*Asks:* 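Okay, here's the structure, questions in a sec.
So you know, we letter chains A, B, ... as the sequences are listed, proteins then strands, and number each from 1. What you see is a predicted model; the values in this text were computed from it and never measured.
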Amino acid sequence: MRFRYQMWTVFLAVACWGLGSVAQAAELTVSAAISLKEAFGEIAAQFEKGRPGDKINFNFAASGELSQQIERGAPVDVFASAALKQMNDLDKKGLLLAGTNQPFARNRLVVVVPKGEAKVTSFEQLSKVGRLTIGNPRTVPAGQYASEALTRAGIYNTLLASQKIVFSENVRQALAYVEDGNVDAGIVYATDARTSQKVSVGFPVPANYSEPVVYPIAVVKDSKQPDLARAFVTFVLSAQGQEILQSKGFLGANQ
Amino acid sequence: MVKLAVSIQKRLGEFQLSVDLAVECGLTILFGPSGCGKSSTLLAIAGLLRPDSGRIALGEEVFFDSARGVHIAPQHRRLGFVFQNYALFPHLNVQRNICFAIDRESPDVQRDRLRELLGLLHLEKLAHRYPAELSGGQQQRVALARALAPHPRLLLLDEPFSALDTELREELRDELKRLQIQLDLPIVMVTHTRSEALQLADTVVRLDLGQVVAVGSAATVLSSASQPTRTNVRFSW
Amino acid sequence: MTDPWFSLRLSLAVATLATLVVGVLGTAAGYFLAKSRFWGKDFLDALFTLPLVLPPTVVGFYLLGLLGKRGWFGQVLFAWTGWEILFTFQAAVIAATVMAMPLMVKTARAAIESVDPAYERAAYTLGKGRWRTFFQVTLPLAWKGIAAGLVLSFARALGEFGATLMVAGNIPGKTQTMPLAIYQTTQTGEDTTALALVAILTVTSLAVLVATNRLAQGRPW
């Protein structure tokens with residue numbers, strides 16, 4: 001029996017060690033679309049540098065999940081979404097601080113192919129590839145923009161009918177399909193294409209082919225520190241914040 | 001002498017148990033073919049089976065009375081029960097099986113009682129064995145010791161010898177009778193073996209089809225010629 | 001920003017606590033389902049099994065509805081204590097608990113049902129009530145099965161992702177457990193970090209599972 005008690009002791013020790021990780025102070029919580037992780041990490045570092053004592057906590061997930069959490073009353077101060085829809089829904093329900101909802105960055109779609117494969121440089125060539133991946137238009141904003149652009153180019157229904165389109169559940173998965181050569185081409189954000197060494201850009205999707213890919217930011221109404229939250233939003237929109245965003249491949253809010 | 005009075009009705013599927021008996025306890029045997037309701041009667045006395053209606057009392061103490069809504073839980077009846085397959089706790093050795101009922105007593109009390117019971121049932125050498133390491137006869141003696149440990153007011157035995165071979169049966173029957181006299185402990189025992197009833201019983205209660213058909217001394221009850229031989233009807237539950 | 005050691009500690013703490021809660025509640029529920037007969041028992045059993053069948057994000061969605069400041073439990077909690085449970089360590093424990101519960105209830109029920117009721121009846125006749133009988137007879141005899149349930153629950157809790165993401169958030173340094181850290185690094189294309197995290201979680205899980213398996217089988221180290 002004795003070893004059993006040893007085991008329990010080990011378990012308790014592990015639990016205590018783990019519980020040490022729970023201590024926390026008052027902080028600003030920013031829910032941000034996961035595609036913003038790199039850029040916002042740097043922005044937060046700069047922001048904190050100018051305001052000693054203030055700490056930014058990020059909550060990274062898909063925009064849809066983040067808006068669900070806010071809707072159910074999660075303690076979030078700032079919401080940065082990868083799509084207008086989720087933000088506007090929250091705004092309509094009165095869950096955002098009035099007048100704080102505004103675009104802070106834009107993105108654009110690009111067609112990517114596996115590195116070393118023949119480049120695809122037009123929609124005409126794209127319509128002839130074996131398989132193409134885009135995000136699921138029903139759940140992934142990038143997929144919705146992509147389907148709009150393909151429709152505008154007049155090839156969406158043909159591709160769909162010939163079962164050449166593989167839907168992915170997020171942009172990262174779409175990128176992985178292309179990286180590993182499981183599909184011949186994919187439509188992803190320019191910022192995502194930048195992060196991968198295993199794909200090359202065929203051609204950028206013209207901006208007027210789909211709704212503009214806008215990233216909105218806002219202060220959540222229930223924020224307990226609205227002043228600090230506003231300050232963070234202001235910083236994202238400042239020249240310094242915009243510069244960091246652009247260094248990660250985003251376009252400025254008003255370009 | 002303490003009197004055990006049982007008058008109960010219980011519906012078990014298609015079977016209707018309707019037992020009415022009162023015995024002055026020495027060693028009483030509930031006798032009858034399998035499926036006659038004798039084991040159910042024993043379980044009802046122990047509190048493990050709740051009758052639909054009726055009354056069970058041992059001396060002054062009422063265990064069950066449907067009219068007054070009395071149903072004493074089995075753990076409060078202070079009865080010893082030896083099950084057909086003994087039900088010795090497989091995770092406890094002989095010593096801890098026997099002391100199971102008295103494990104809240106002081107270590108001294110436990111030790112004394114254990115020594116007494118081990119001696120009484122010739123189990124001294126087996127105290128540290130586990131049930132799986134015991135023969136059938138040894139298991140039966142441990143089950144007896146375990147039931148006796150908390151000084152029960154009445155000992156209930158359900159076919160205690162059925163799992164043993166003939167020779168061992170003879171031996172253990174003698175031992176049980178010796179114990180009953182030595183401890184002056186009332187016993188109610190279930191069996192379907194005639195020789196057992198003849199050899200042991202002070203009183204025999206004969207049951208058939210869920211009802212008491214005769215009560216009396218072994219000689220009178222078991223010699224009556226009108227033996228209903230029932231090979232065609234078998235109840236089981 | 002992603003601290004793998006913090007995430008590992010957090011995951012172990014969450015999984016350990018969830019396993020303790022699940023061990024007690026799940027065994028109690030398993031005992032209840034094994035021993036009692038009542039109308040709607042099958043329904044209750046199915047309800048306990050539901051988190052096993054539903055996609056974790058759906059469970060997370062239900063939990064959000066329950067625990068959020070506008071959810072019906074979260075509302076009461078906030079009104080009484082002013083405490084918000086979403087995005088906390090406790091929320092992660094609740095998510096892991098709910099997701100691990102079916103495994104515990106199922107195995108505990110099967111283990112308890114496999115104990116011959118004759119032993120429990122014997123305990124009653126020896127003067128033991130329900131509680132003592134449970135702890136001195138039923139639990140020791142069902143221990144192997146219950147221990148297996150604990151191992152499975154711990155594993156499930158350690159790997160829980162979908163429901164945790166919804167109710168505890170993915171806050172690095174606060175609620176980012178190992179699975180969430182892995183999710184984040186794969187989402188942002190940090191493949192090397194992701195691989196390292198996966199390796200750490202795999203090795204830890206293997207070690208814990210081997211250890212607990214041995215414990216469950218009553219074997220020494």
Side-chain angles (χ1 to χ4, degrees), chain A residues 1-4 6-8 10-12 14-24 27 29-31 33-38 40-41 44-45 55 57-62 64-66 68-76 95 170-173 175-176 179 192 194-198 222 224, chain C residues 1-2 5-17 19-20 57 60-61 63-71 74-75 78 84 86-91 154 165-176 180 183-190 208 211-212 214-215 218-221:
Chain A
M1 287 293 271
R2 187 158 300 138
F3 72 96
R4 219 177 247 181
Q6 286 173 5
M7 275 302 296
W8 290 123
V10 170
F11 265 132
L12 276 177
V14 166
C16 293
W17 179 57
L19 278 172
S21 62
V22 178
Q24 48 191 270
E27 295 139 352
T29 303
V30 176
S31 277
I34 198 154
S35 53
L36 294 166
K37 190 202 144 198
E38 219 189 329
F40 268 42
K55 188 173 179 313
N57 273 333
F58 283 111
N59 173 36
F60 291 120
E65 287 160 341
L66 297 174
Q68 287 291 350
Q69 292 170 337
I70 292 167
E71 197 168 318
R72 304 284 163 169
V76 175
L95 298 171
N170 52 58
V171 176
R172 185 62 215 173
Q173 194 185 349
L175 201 59
E179 282 179 339
D192 293 304
R194 263 183 92 256
T195 63
S196 174
Q197 267 90 62
K198 290 184 247 169
D222 281 354
K224 296 211 176 62
Chain C
M1 204 155 62
T2 297
W5 298 114
F6 172 86
S7 292
L8 183 64
R9 285 170 66 179
L10 184 65
S11 279
L12 288 172
V14 168
T16 308
L17 271 179
T19 306
L20 287 178
T57 41
F61 188 79
L63 284 177
L64 260 187
L66 192 68
L67 304 175
K69 208 163 71 181
R70 279 175 271 278
Q75 212 165 29
F78 184 71
E84 296 173 52
L86 287 189
F87 288 9
T88 60
F89 171 79
Q90 288 84 346
F154 186 83
L165 175 67
M166 292 298 269
V167 298
N170 173 28
I171 304 176
K174 193 174 169 201
T175 62
Q176 189 178 67
L180 291 172
Y183 156 77
Q184 176 170 311
T185 47
T186 54
Q187 284 297 300
T188 51
E190 299 162 76
V208 170
T212 42
R214 290 187 156 242
L215 168 73
R219 275 193 291 163
W221 302 91

*Asks:* Less than 4.5 Å apart, side chain to side chain, heavy atoms only: is that true for A:Asn59 and A:Val30?
*Replies:*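 No, too far: nothing below the 4.5 Å cut-off.
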*Asks:* Using non-hydrogen atoms only, which part of C:Gln187 is less than 4.5 Å away from chain A: side chain, backbone, both, or neither?
*Replies:*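 It is both, since atoms from each part get that close.
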*Asks:* Is there a side-chain contact between A:Gln68 and C:Leu64 in this structure, where contact means two heavy atoms from C-beta onward sitting under 4.5 Å apart?
*Replies:*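 The answer is yes; the side chains approach within 4.5 Å.
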*Asks:* For a 4.5 angstrom cut-off between non-hydrogen side-chain atoms, does C:Lys69 reach A:Asp222?
*Replies:*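 Yes, side chains in contact.
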*Asks:* Considering only heavy atoms, which portion of A:Ile70 lies under 4.5 Å from any heavy atom of chain C: side chain, backbone, both, or neither?
*Replies:*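 For A:Ile70, the backbone is the part near chain C, not the side chain.
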*Asks:* Using non-hydrogen atoms and a 4.5 Å limit, figure out which bit of A:Glu71 sits close to chain C: side chain, backbone, both or neither.
*Replies:*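 A:Glu71 touches chain C through backbone heavy atoms alone.
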*Asks:* Flag the pair C:Phe154 / C:Val208 as yes when at least one side-chain heavy-atom distance between them is below 4.5 Å, and no otherwise.
*Replies:*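 Yes, at least one pair of side-chain atoms sits under 4.5 Å.
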*Asks:* So for C:Ser11, is it side chain, backbone, both, or neither that comes closer than 4.5 Å to the heavy atoms of chain A?
*Replies:*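 Contact with chain A is absent: no heavy atom of C:Ser11 under 4.5 Å.
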*Asks:* Examine the side chains of A:Glu65 and C:Asn170 and answer whether a donor and an acceptor come within less than 3.5 Å of each other.
*Replies:*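 On atom types as modelled, these side chains do not qualify, holding no pair under 3.5 Å.
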*Asks:* In terms of heavy-atom pairs under 4.5 Å with chain A, which of C:Leu86, C:Val167, C:Thr175, C:Thr57 leads?
*Replies:*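 Result: the option with the highest number of such pairs is C:Leu86.
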*Asks:* May I ask you to name which of A:Gln173, A:Arg72, A:Glu38 has the most heavy-atom pairs under 4.5 Å with chain C?
*Replies:*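 Between A:Gln173, A:Arg72, A:Glu38, the count favours A:Arg72.
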